[in-house]
Amino acid sequence: MQMTREDALKVYEILEETFPDARAELDYTTPYELLVATILSAQCTDVRVNKVTKVLFENYNTPEKMVTLSQEEMEDYVHSCGVYRNKAKNILAASRIILDRYDGEIPDTIEGLMTLPGVGRKTANVVASNVLDIPAIAVDTHVFRVSNRLGLADAKNVDKTEKQLMDIWPEDCWSKGHHLLIFLGRRICKSQNPLCEECPLTDYCKYYRGEDANG
Ligand code: SF4
């Protein structure tokens, strides 16, 4: 069962107090850089992605420059990110589409972003909420786990979790809420051993009360 909207707002406020600096942990200076970094971040840590993009973006930080790389050259840059062949292929293909169809700028809607190779709903939501000022909640593994443990959501998949979070929190909480839940998941509500004794949300948490079904 989901918690009440009133409790969900209290949870949001406590998270804001606990993590006043919650923000994207990927390094970027332009929307295009965030798009590339987010594609690379699938099944990879932000720390690793930041190391890779620091070198890549020195010379290839626009779609115009990126498409001058061959598939092999691109793979050399991103090989430590995992699934690197696909990621290299998708970034090159997405960059060509951005040049051909979008005049060199990333699409400015979630639907438009999702037409790019390698960009699913989660990636589109990350980019939209961080650089396009479109309220969105990207549900990654941390957001899914933490929101279902807490009872902010009560869902078996990410799509339903996203819908439930958008329903229980007002729109102006969505984008920041995504970062807050990731900060909680990375620092306290860890996958294997949640540090409940350090958590400020025990009063509201379904898992802590022993009611969680999703783990
Ligand atoms: S009380 Fe424990 S399970 Fe609940 S959100 Fe906090 S760390 Fe996670």
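Atoms within a ligand are numbered from 1 in the order they appear, just like the ligands themselves. Computation of the quantities below employed the complete heavy-atom set of this structure, encompassing side-chain atoms and omitting hydrogens, waters and symmetry-equivalent molecules.
Between the side chains of Asn50 and Glu25, no donor-acceptor pair is found at a separation under 3.5 Å. There is a side-chain donor-acceptor pair under 3.5 Å between His179 and Asn130.
Given atom 3 (S) of ligand 1, the protein heavy atom at minimum distance is Tyr207 CD2, 3.3 Å. For atom 6 (Fe) of ligand 1, the closest non-hydrogen atom of the protein is Cys199 SG, 2.4 Å.
Using a 4.0 Å cut-off between charged side-chain N and carboxylate O, Lys10 and Asp203 make no salt bridge.
Among the atoms of Cys196, none of the N, O or S atoms falls under 2.8 Å from atom 8 (Fe) of ligand 1.
Dense packing is recorded around CG of Asn157, with more than 12 heavy atoms of other residues, nucleotides or ligands lying under 6.0 Å away.
The main-chain N or O of Tyr207 is never found under 3.5 Å from a side-chain atom of Glu211 such that the two would form a donor-acceptor pair.
Near Cys189, the atoms of ligand 1 lying under 4.0 angstrom from a non-hydrogen atom of the residue are 3 (S), 5 (S), 7 (S), 8 (Fe). Residue Thr202 has at least one heavy-atom neighbour below 4.0 Å for each of these atoms of ligand 1: 1 (S).
Residue-level proximity to ligand 1 for Cys205 is carried by the side chain, the only part with a heavy atom below 4.0 angstrom.
The line from CD of Gln2 to CG of Asp7 is 12.0 Å long, rounded to the nearest 0.5 Å.
Leu150 counts as a contact of ligand 1, since one of its heavy atoms falls under 4.0 Å from the ligand.
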